[in-house]
Undergrad: 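Attaching a single structure in structure tokens format; questions to follow.
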Amino acid sequence: MKKLMIIAMGAALALTACVNNEMVDDAAPKEVSFKGFNLGESTRGTFEGSAFMVYAQFSNNGLGTDYINFWGNAPKEITKQTVDGNDVWKVNETTKYYWPKAGAVSFWGYYPKSQGGVSFDKATGVKVTGVSAAEAAVLMLADPEQSDFMTANSVPMVFKHAGAQVIFRFANASATSGFNLTITDVAISNVSEQADYKWGVWSNWSNVATTLSDGADHAIANTAIGTDTDDDLYTFNVIPQALNVTGVD
């Protein structure tokens with residue numbers, strides 16, 4: 001796991017050889033702030049959520065073997081705020097948190113802030129238990145493996161989606177004019193509707209007899225099959241899992 005290495009933001013010089021010792025600090029402390037990113041299928045876009053939650057651990061030796069809480073054992077809410085006319089993502093409270101002048105800080109994040117079942121362990125990071133398919137569609141996590149460290153005051157948090165989608169795409173290739181198709185329903189059976197998630201790994205699937213069904217009618221006009229004419233008519237949000245074909249209707 002990569003560690004967020006923090007270098008001194010201000011150099012302190014003790015003139016111990018002189019009669020009058022003097023402390024010199026050449027820069028003001030830098031407040032910890034964040035930049036959020038969404039790790040999509042093929043691109044990384046700026047994270048535009050209303051807020052996300054972050055755990056922080058400080059390592060005095062810079063190796064992570066001596067982690068202690070940087071701002072308490074609970075996560076802090078990170079929101080977009082305006083500071084001196086600029087938009088800044090930082091802790092949503094009056095207390096300010098500054099970069100230490102030595103050691104390292106590692107950050108673990110999750111979104112949305114309302115997500116339940118979240119726990120944190122210094123050795124293994126964030127775990128979310130009892131995630132539903134609906135929650136999996138929006139749940140995202142960011143950890144030191146995805147979020148490179150910065151030596152300035154803005155930490156790039158790269159969020160990875162937990163869930164997945166199954167998309168049914170249809171095209172009517174009939175050459176006969178006016179030959180239209182109507183699909184009345186598409187369903188997926190024997191899928192799990194709840195599981196636990198931790199950093200790209202799902203476990204403890206439950207309620208595997210669930211059937212996801214659209215039930216809506218969709219008409220498809222005849223046309224040549226092509227990338228511009230295929231229609232994504234049915235989309236299901238699902239928890240990633242192994243699916244077995246049990247029958248086709």
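Because only heavy atoms are used, hydrogens play no part in the values below, and waters and symmetry mates are left out as well, while side chains stay in.
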Undergrad: Could you tell me which residues satisfy salt bridge (charged side-chain N to carboxylate O under 4.0 Å, His left out) with K76, sequence neighbours excluded, listed by chain and number?
TA: E93
Undergrad: Is there any salt bridge (Lys or Arg N to Asp or Glu O under 4.0 Å) pair reaching into residues 183-208, and which pairs are they, with sequence neighbours excluded?
TA: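 Sorted result for residues 183-208: empty, none.
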Undergrad: Linking Ile, Leu, Val, Met, Phe, Trp and Tyr by side-chain heavy atoms under 4.5 Å, what else ends up with V138?
TA: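 Members besides V138: none; it forms no cluster.
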Undergrad: Rest of the hydrophobic cluster containing V88 (Ile/Leu/Val/Met/Phe/Trp/Tyr, side-chain heavy atoms under 4.5 Å)?
TA: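 Its cluster partners, ordered by chain and number, are V83.
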Undergrad: Residues two or more places apart in sequence or in another chain: which of them pass side-chain hydrogen bond (donor to acceptor under 3.5 Å, both in side chains) with Q81?
TA: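 Here the qualifying residues are T79.
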Undergrad: Measure the OG-CG distance between S132 and L139 for me, rounded to the nearest 0.5 Å.
TA: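 With rounding to 0.5 Å, OG (S132) is 9.5 Å from CG (L139).
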Undergrad: Can you sort out the partners of N60 under side-chain hydrogen bond (donor to acceptor under 3.5 Å, both in side chains), two or more places apart, ordered by chain and number?
TA: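 Per chain and number, N60 pairs via side-chain hydrogen bond (donor to acceptor under 3.5 Å, both in side chains) with no residue.
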Undergrad: Sequence neighbours left out, what passes ring-ring contact (aromatic ring centres under 6.0 Å, His included) with F58? Give chain and number order.
TA: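 Not a single residue meets the ring-ring contact (aromatic ring centres under 6.0 Å, His included) criterion with F58.
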Undergrad: I need the N237 CG to I167 CD1 distance, nearest 0.5 Å.
TA: 9.5 Å
Undergrad: Which atoms form the tightest heavy-atom contact between P75 and M53, and what is the distance?
TA: O-CE, 3.8 Å
Undergrad: Closest heavy-atom contact between A195 and W202?
TA: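 Heavy atoms only, the tightest pair is CB-CE3, 3.6 Å.
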Undergrad: Can you measure from NZ (K127) to OH (Y197) and round to the nearest 0.5 angstrom?
TA: 13.5 Å
Undergrad: Just one of F52, F120, Y55, F70 clears the ring-ring contact (aromatic ring centres under 6.0 Å, His included) bar with W108, so which one?
TA: F120
Undergrad: Can you name the residues that form a ring-ring contact (aromatic ring centres under 6.0 Å, His included) with Y98, not counting sequence neighbours?
TA: none
Undergrad: Under the side-chain hydrogen bond (donor to acceptor under 3.5 Å, both in side chains) test, which residues partner Q194, sequence neighbours left out?
TA: none
Undergrad: Of all the heavy-atom pairs spanning V128 and Q115, show the shortest one and how long it is.
TA: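 For V128 and Q115, the tightest heavy-atom pair comes out as CG1-NE2, 3.5 Å.
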Undergrad: Mind checking what makes ring-ring contact (aromatic ring centres under 6.0 Å, His included) contact with Y110, not counting sequence neighbours?
TA: none
Undergrad: Which pairs, with at least one residue in residues 104-117 and sequence neighbours excluded, count as a salt bridge (Lys or Arg N to Asp or Glu O under 4.0 Å)?
TA: E77-K113
Undergrad: What is the minimum heavy-atom distance between A56 and W71, and which atoms define it?
TA: CB-CE2, 3.5 Å
Undergrad: Contact between N73 and K122 at the side-chain level, heavy atoms closer than 4.5 Å - yes or no?
TA: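 A side-chain contact under 4.5 Å is absent here.
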Undergrad: For W199 and G109, which heavy atoms make the closest approach, and how far apart are they?
TA: CH2-O, 4.0 Å
Undergrad: If you look at every heavy atom in A142 and M157, which pair is closest and at what distance?
TA: CB-CE, 4.0 Å
Undergrad: Looking only at atom types and distance, does a side-chain atom of W89 sit under 3.5 Å from a main-chain N or O of A51, one as donor and one as acceptor?
TA: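 A pair under 3.5 Å: no.
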Undergrad: If you round to the nearest 0.5 Å, how far is CZ of F107 from CD of Q57?
TA: 10.5 Å
Undergrad: Would you compute the distance between atom CG of D217 and atom OG1 of T182 and round it to the nearest 0.5 angstrom?
TA: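 These two atoms lie 6.5 Å from each other.
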Undergrad: With the side chain counted from C-beta on, respond yes when I78 and N92 share a heavy-atom pair under 4.5 Å apart, and no when they do not.
TA: no
Undergrad: Any sub-3.5 Å donor-acceptor pair from Q241's side-chain atoms to S192's backbone N or O?
TA: yes
Undergrad: Apply side-chain contact (heavy atoms from CB on, under 4.5 Å) to V238 and V191, showing your working.
TA: CA-CA 8 Å; V238 298; V191 292; 5.7 Å; no
Undergrad: Can you check whether D87 reaches T82 side chain to side chain, under 4.5 Å on heavy atoms?
TA: yes
Undergrad: Check side-chain hydrogen bond (donor to acceptor under 3.5 Å, both in side chains) between D214 and all other residues, then give those that pass, not counting sequence neighbours.
TA: none
Undergrad: Going from CD1 on I239 to CD on E135, what distance comes out if it is rounded to the nearest 0.5 angstrom?
TA: 8.5 Å
